[in-house]
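First comes the structure, then the notes that go with it.
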Amino acid sequence: MSGILKLRQKLIEQLTIAAAKAQQTGKLPTVALPEVSLEHPQHSKHGDYASSFPLKLARATGIKPLTIAAEITNLMTPGPEVESIVTAPPGFINFTLKNSWLTSQIETILPAGETYGNIDLGQARRMQVEFVSVNPTGPLHVGHGRGAIFGSTLANVLTASAYNVEKEYYINDAGNQIDVFYRSLYTRYQQCLGAKTEMPVNGYLGDYVTDLAKEIIAEKGDRYLNLPETEVISQLGQLGLDKMIAQIKADLELLGVTFDVWFSESSLHRKGQFQTAMSLLHQGGYLAEKEGATWFMSTALGEDKDNVVIRGNGSPTYFATDIAYHYNKFVERKFERVINIWGADHQGHVPRMKAVVNALGISPERLKVIISQMVTLHRGEQLVRISKRSGDLITLREVIEEVGTDACRFFFLSRTADSQMDFDLELAKKESADNPVYYVQYAHARIASILRLAEERRIDFGNGDVSLLTHEPELVLIRKLMLLPELVETVATTLEPHHLTYYAQDLATVFHSFYRDCRVISPNKTLTKARLKLVKATKIVLAKTLRLLGMTTPESM
RNA sequence: GUCCCUGUAGCUCAGCCGGACAGAGCAACUGCCUUCUAAGCAGUGGGUCGAGAGUUCGAAUCUCUCCAGGGACGCCA
């Protein structure tokens, strides 16, 4: 555990012990102690840590919060890290850390290097993050990109938190939609070769299907034209599917998103896991026949309505296959926790999925579904369409190529998953001060530039004395550097990666201020060395943050 | 009609497991480059936290009722 997290725990312990001691000695009445809270106060004048514990204790005891704070504080002896423990109205206990302890933390960051910020929260527990999982019936759009970036960043942070993470893309290569896609492709193929055929009902009308057909004609010619229809559809379909998946994979790689496993829906049927899952539900008495179909009786588990699993025609629904898929995740592959990132259009699917996991005898807490809300795309004032079937759509690839991977990632990650977002192409593109992406990267480039100069002048700062760092901007910067492990913990716990982008901006800001106020390479040799250590540590932390975000760390701009 | 998400500065958004005067970026205005990157820094102005009620010593944060925007309610996925 990193020093800062240990310290935090230690302060909480000390508060708890002091409160218990106060109770034993009769200074405070013996009531059940509320949870000891410890937070970073909004304003630095309130110290490094603050606890509102006395305020909470006041309710149960009926004693003035400030009196409680004083009693507890009196019973605490500050450790070597702590400069002062003071009470503040209306009943806070504020902790200020020693400058010497703060500066010494630089010496823990430097040797840690890329591993600084890693924590052992997960203890190698197996966790799956499943995301994107878009039907391979068309290209990705911007909304999918959001989920992709969100999922990959979350996986980065969970990995840094010592979870054993597997990133997975679920390929819906079975069922209705894929059939329609196959038949759409077949029709376009025929049409491109001169046949007058009609597109299937609800077929995929996007130009990409025609492009795909042309590509296949260029590679394979008209050989599929004279085969029996069912055979063509399976052969041509498989070819089209493979190409579609390859395209999706390429788009995602352009976004810096990769997967460990590409899981095939149809394999659930081939390997009998679908049958196993269904019979488990059957044995549990959760299935019933009515209106010619087989239903999962969700209402018995408190849901609004029941859901069909096997249609009247004998084919399984999407829901049924998803049941088998989750059986596979938890029972066959034994993931301790599973995180699914779904688009907003799947939100109605969450409660019944939870219910069915429960019915399979799996604790529903092990399944977490994050809903990624919709994205609307703007170019200045103008709305840009992204929907699959409209004519003037803009694909994810076009957006990435226009805006750039780093800017895309940063923008998407700057908002919580559950708020709908406006993505302004113009703003995202503008490479100027009004774009926080470059603001953060510029700080990194600036640091790199300083370190380059130090190298040119052959300044060896390995023996720099960090205790010389006593100026306010230096201490402010150190305090910010030390927040990274806590931040990683927060993101891994709340599953909200947007905090990272705010931290990156804060860190860049305090560095830029430091840069202005504290000349790093100066005639003062000892101070130069000390500051170079701080600068190097800042580079480590900033680079780590950018890497967690999946962004590049430019050495110059 | 039922359920989910959202409503905070002119704009885009943080903050929401209750706590110390409500924050950031952009936009507006004012200063700062002979010294390590001005894609930077320092400062000013700007808010009925959608509305109303309730719980509490204390509410942007919790509860309820409304209002507004988006989404979901299929033997589609």
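Each chain gets a letter, A, B and so on, in the order its sequence line appears, and its residues count up from 1. The figures here come from the full heavy-atom set of this structure, side chains too, leaving out hydrogens, waters and symmetry mates.
- Ring geometry for His498(A) versus Tyr502(A): interplanar angle over 60°, hence perpendicular rather than tilted (30 to 60°).
- Proximity of Tyr439(A) to the phosphate of C26(B): no side-chain N or O atom is located under 4.0 Å from OP1 or OP2.
- Closest to the Lys45(A) side chain, of the nucleotides C21(B), C5(B), A77(B), is C21(B).
- Figure legend. A60(B) is base-paired to no nucleotide; pairs are counted as Watson-Crick or G-U wobble with both atom distances under 3.5 Å.
- Looking at the side chain of Val520(A), the nearest of the listed nucleotides C36(B), G25(B), C4(B) is C36(B).
- In this structure, the nucleotide among C76(B), U35(B), C41(B) sitting nearest to the side chain of His512(A) is C41(B).
- Residue His346(A) places no side-chain N or O under 4.0 Å from the OP1 or OP2 atom of G71(B).
- Contact check, Ser419(A) against A14(B): a side-chain N or O comes under 4.0 Å of OP1 or OP2.
- Using bins of under 30°, 30° to 60° and over 60° for the plane-to-plane angle, the ring pair Phe296(A)/Tyr286(A) lands in the tilted bin.
- Aromatic rings from His512(A) and Tyr439(A) are positioned such that their centres are separated by under 6.0 Å.
- Atom pair Met374(A):CE and G71(B):C1' shows a separation of 7 Å (rounding to whole Å applied).
- Within the nucleic acid shown, Phe319(A) has no heavy atom closer than 4.0 Å to any nucleic acid atom.
- In the set G15(B), C41(B), C36(B), G15(B) carries the atom at the smallest distance from any side-chain atom of Glu496(A).
- When only modelled atom types and interatomic distance are considered, Gln441(A) and Asp406(A) share a side-chain donor-acceptor pair under 3.5 Å.
- Contact annotation for Glu291(A): base contact, defined as any heavy-atom pair under 4.0 Å involving a base atom.
- Candidate nucleotides G70(B), A38(B), G19(B) were compared by shortest atom distance to the side chain of Gln420(A), and G70(B) ranks first.
- Among the protein residues, Leu453(A) comes within range of the sugar-phosphate backbone only, with heavy atoms under 4.0 Å from sugar or phosphate atoms but none that close to a base.
- OP1 or OP2 of G25(B) has not a single side-chain nitrogen or oxygen of Arg415(A) nearer than 4.0 Å.
- Look at CD1 on Ile450(A): it is 15 Å from P on U35(B), rounded to the nearest Å.
- Neither OP1 nor OP2 of C36(B) sits under 4.0 Å from any side-chain N or O of Arg516(A).
- The side chain of Asn135(A) has A77(B) as its nearest neighbour among G70(B), C41(B), A77(B).
- With a 3.5 Å ceiling on both atom-pair distances, G47(B) lacks any Watson-Crick or G-U wobble partner.
- Between His498(A) and G15(B) there is a side-chain polar atom (N or O) within less than 4.0 angstrom of OP1 or OP2.
- A donor N or O paired with an acceptor N or O is found under 3.5 Å between the base of G19(B) and the side-chain atoms of Lys56(A).
- For the residue pair Glu289(A) and Thr294(A), a side-chain donor N or O sits within less than 3.5 Å of a side-chain acceptor on the partner.
- Contact check, Thr416(A) against A14(B): a side-chain N or O comes under 4.0 Å of OP1 or OP2.
- No contact: Ala58(A) has no heavy atom under 4.0 Å from any strand.
- Residue Asn94(A) is classed as a base contact, given a heavy-atom separation below 4.0 Å to a base.
- A cation-pi geometry, defined here as NZ or CZ lying under 6.0 Å from the six-membered ring centre and within 45° of its normal, does not hold between Arg8(A) and Tyr49(A).
- The aromatic rings of His269(A) and Phe274(A) sit tilted relative to each other, their planes meeting at an angle between 30° and 60°.
- Of the candidates A77(B), U6(B), G19(B), the closest approach to any side-chain atom of Phe92(A) belongs to G19(B).
- As judged by a 4.0 angstrom heavy-atom cut-off over every strand, Ser556(A) is placed among the base-contacting residues.
- Side-chain atoms of Gln347(A) and base atoms of G71(B) include a donor and an acceptor less than 3.5 Å apart.
- Taking every side-chain heavy atom of Ala88(A) into account, A20(B) is the closest of A42(B), C76(B), A20(B).
- Contact annotation: Ser513(A) side-chain N/O to A42(B) OP1/OP2 distance is under 4.0 Å.
- Distances were taken from every side-chain heavy atom of Pro41(A) (C-beta onward) to each of C75(B), A39(B), A20(B); the shortest belongs to A20(B).
- Of the side-chain N and O atoms in Tyr442(A), one or more sit less than 4.0 angstrom from OP1 or OP2 of A39(B).
- Comparing A72(B), A14(B), C76(B) by their closest approach to the side chain of Asn176(A) singles out C76(B).
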